[in-house]
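This report concerns only the one structure given below.
One-based numbering along the sequence shown.
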Amino acid sequence: MENENKKGHLHPITLIVNDMAAIFRKMGFSVADGPEIETEYYNFDALNIPEWHPARDMWDTFWLKPLKDRRLLRTHTSPVQIRYMKEHGAPLRVIVPGKVYRHEATDATHEAQFYQLEGLMVDENCSLAHFKGVLEQFFSEFFNTKVSMRLRPSYFPFVEPGVEADITCIKCDGKGCAICKQTGWIELMGAGMVHPKVLEWGGVDSKKYKGFAFGMGIDRLAMLKYGIDDVRLLYNGDLRLVNQF
């Protein structure tokens with residue numbers, strides 16, 4: 001009888017996804033989802049990662065039997081880019097929160113399953129400057145503090161150019177602390193301008209339209225926002241964590 005009047009609690013991952021979706025919706029983004037059991041075509045080929053491409057080693061993939069069907073547990077939410085472009089065309093703005101899977105060892109900052117948010121904007125005059133403005137606005141609202149972003153060159157096969165995006169540390173305001181390892185910056189996502197081949201595979205005219213795409217770890221954001229120091233706490237079912245929210 002004592003527990004009958006106790007209210008339930010939303011999981012911190014659910015709270016984070018709801019917050020992220022609300023902020024992006026205010027900026028004109030739709031929210032989409034896609035299958036977690038994915039085809040090789042959507043997970044790799046249509047993202048400019050054919051079978052022979054060495055970049056496939058960047059993802060430790062769970063393949064599903066029978067292998068002749070070449071199905072897998074999606075390694076990122078990027079396959080929804082292709083599905084969404086094929087269905088809706090351009091211009092478009094969309095985010096895709098969802099669970100992804102990687103065959104890797106677990107520790108305080110890594111899990112074999114985790115949540116990721118994909119973002120995609122395609123328009124006639126889209127640029128990295130638009131990306132930087134959109135994401136600075138997002139993170140400032142999400143962390144409830146003004147943040148700045150810096151971009152560093154990086155490589156991802158489905159974007160060109162590719163970048164890693166850092167924001168000023170939300171704990172020390174860029175002064176340097178244990179969270180940012182005294183650098184003043186926190187690395188939060190990979191991003192870049194959508195590769196023309198990916199636009200074409202999505203049925204979008206790459207000579208008329210350009211786009212930016214980004215992917216960030218929802219678990220990582222939950223850990224930063226709520227001060228959680230071990231990602232495994234989000235998945236072990238311990239109600240002592242969930243009951244705090």
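- From L239, atom CG reaches atom NE2 of H9 across 8.5 Å, with rounding to the nearest 0.5 Å.
- For K197, the NZ atom sits in a loose shell: 12 or fewer heavy atoms of surrounding residues, nucleotides or ligands are nearer than 6.0 Å.
- By the ring pair (Phe, Tyr, Trp, His ring centres under 6.0 Å) test, F156 is found to be paired with no residue, residues two or more places apart in sequence or in another chain being considered.
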Exercise. Give the C-alpha distance, both sets of side-chain angles, the deciding distance and a yes or no for side-chain contact (heavy atoms from CB on, under 4.5 Å) between I167 and F143.
Key: CA-CA 11 Å; I167 64 167; F143 288 116; 3.8 Å; yes

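- Between K207 and E200 no salt bridge is recorded (no basic side-chain N to carboxylate O distance below 4.0 Å).
- At least one side-chain heavy atom of I218 sits less than 4.5 Å from a side-chain heavy atom of I13.
- Counting non-hydrogen atoms of other residues, nucleotides and ligands closer than 6.0 Å to CD1 of I37 gives a total of 12 or fewer.
- Residue pairs meeting the ring-ring contact (aromatic ring centres under 6.0 Å, His included) criterion with at least one partner in residues 65-93, sequence neighbours excluded, are W59-H76, H76-F158, Y84-H88.
- Side chains of E40 and R71 form no contact here, defined as non-hydrogen atoms less than 4.5 Å apart.
- A side-chain hydrogen bond (donor to acceptor under 3.5 Å, both in side chains) check over residues 233-245, counting only residues at least two apart or in different chains, returns the pairs D219-Y235, D238-R240.
- Using a 4.5 Å heavy-atom cutoff, the side chains of L128 and P161 are in contact.
- The existence of a salt bridge linking D166 and R150 is confirmed by a sub-4.0 Å separation between a basic side-chain nitrogen and an acidic carboxylate oxygen.
- Note that OH of Y226 and CG of L233 are 15.0 Å apart. Values are rounded to the nearest 0.5 Å.
- For the atom pair Q113 CD and E104 CD, the distance stands at 11.5 Å (nearest 0.5 Å).
- For the side-chain hydrogen bond (donor to acceptor under 3.5 Å, both in side chains) condition, the pairs that include at least one residue of residues 183-193, sequence neighbours left out, are R152-E187.
- The aromatic rings of F142 and F139 stand perpendicular to each other, their planes meeting at an angle above 60°, with 30° marking the opposite boundary.
- Going from atom OH of Y42 over to atom CG of L47 covers 11.0 Å, rounded to the nearest 0.5 Å.
- Between the N48 side chain and the P157 main chain, a donor and an acceptor come within less than 3.5 Å of each other.
- Proximity of a side-chain donor or acceptor of R102 to a complementary backbone N or O of T75 within less than 3.5 Å is detected.
- Under the 4.5 Å side-chain criterion, counting only non-hydrogen atoms from C-beta, V80 is not in contact with E118.
- K210 is not listed as a side-chain neighbour of V194, based on a closest heavy-atom distance of 4.5 Å or more.
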Quiz item: Run the salt bridge (Lys or Arg N to Asp or Glu O under 4.0 Å) check on D45 and R56 step by step: do they pass?
Solution: CA-CA 10 Å; D45 297 342; R56 285 212 184 191; 2.8 Å; yes

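- For L188 against M216, the heavy-atom pair with the smallest separation is O-CB, 3.6 Å.
- Across P97 and V31, no two heavy atoms sit closer than the pair CD-CG1, 3.9 Å.
- Note on M189: it does not cluster hydrophobically with L120, by side-chain heavy-atom contacts below 4.5 Å among ILVMFWY residues.
- D230 CG: more than 12 foreign heavy atoms inside a 6.0 Å radius.
- Residues L117 and M20 form a side-chain contact, since some pair of their non-hydrogen atoms from C-beta on lies under 4.5 Å apart.
- Screening residues 91-127 for ring-ring contact (aromatic ring centres under 6.0 Å, His included), with sequence neighbours left out, gives F62-H103.
- Side chains of Q116 and T77: a donor on one and an acceptor on the other come within 3.5 Å.
- Rounded to the nearest 0.5 angstrom, I186 CD1 and C180 SG are separated by 6.5 Å.
- The pair K146-E141 does not count as a salt bridge, with every side-chain nitrogen at least 4.0 angstrom from each carboxylate oxygen.
- Here the shortest heavy-atom pairing between S206 and P196 reads CB-O, 3.8 Å.
- Of the possible donor and acceptor atoms, one in the side chain of E136 sits under 3.5 Å from a partner among the backbone N and O of M149.
- In this structure a side-chain-to-backbone donor-acceptor pair under 3.5 Å is missing from S30 to V94.
- Residues L135 and M121 fall within the same hydrophobic cluster, defined by Ile, Leu, Val, Met, Phe, Trp and Tyr side chains chained together at heavy-atom separations under 4.5 Å.
- Contact between A90 and Y209 at its shortest, heavy atoms only, is O-OH, 3.5 Å.
- Considering every non-hydrogen atom in both I95 and A21, the closest pair reads CD1-CA, 3.8 Å.
- Taking D19 as the reference, K225 meet the salt bridge (charged side-chain N to carboxylate O under 4.0 Å, His left out) condition, with sequence neighbours excluded.
- No chain of hydrophobic side-chain contacts below 4.5 Å, direct or via other Ile, Leu, Val, Met, Phe, Trp or Tyr residues, connects L10 to V242.
- Shortest non-hydrogen contact noted between Q81 and A213 is NE2-CB, 3.5 Å.
- A continuous path of Ile, Leu, Val, Met, Phe, Trp and Tyr side chains, each step under 4.5 Å between heavy atoms, connects I228 with I179, placing both in one hydrophobic cluster.
- In the hydrophobic cluster analysis, where Ile, Leu, Val, Met, Phe, Trp and Tyr join through side-chain heavy atoms closer than 4.5 angstrom, F214 is grouped apart from Y155.
- Other residues, nucleotides and ligands contribute only 12 or fewer heavy atoms inside 6.0 Å of the CG atom of N144.
- A 4.5 Å side-chain heavy-atom check between F212 and V122 finds every atom pair outside the cut-off.
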Practice problem: Given side-chain contact (heavy atoms from CB on, under 4.5 Å), test L234 with H11 step by step and report yes or no. | Solution: CA-CA 8 Å; L234 295 170; H11 193 278; 4.2 Å; yes

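- W63 carries R70 over the face of its six-membered ring, with the cationic atom under 6.0 Å from the centre and within 45° of the normal.
- Between Q137 and M27, the closest side-chain pair of non-hydrogen atoms falls below 4.5 Å.
- With rounding to the nearest 0.5 angstrom, the NZ atom of K132 is 11.5 Å from the OG atom of S127.
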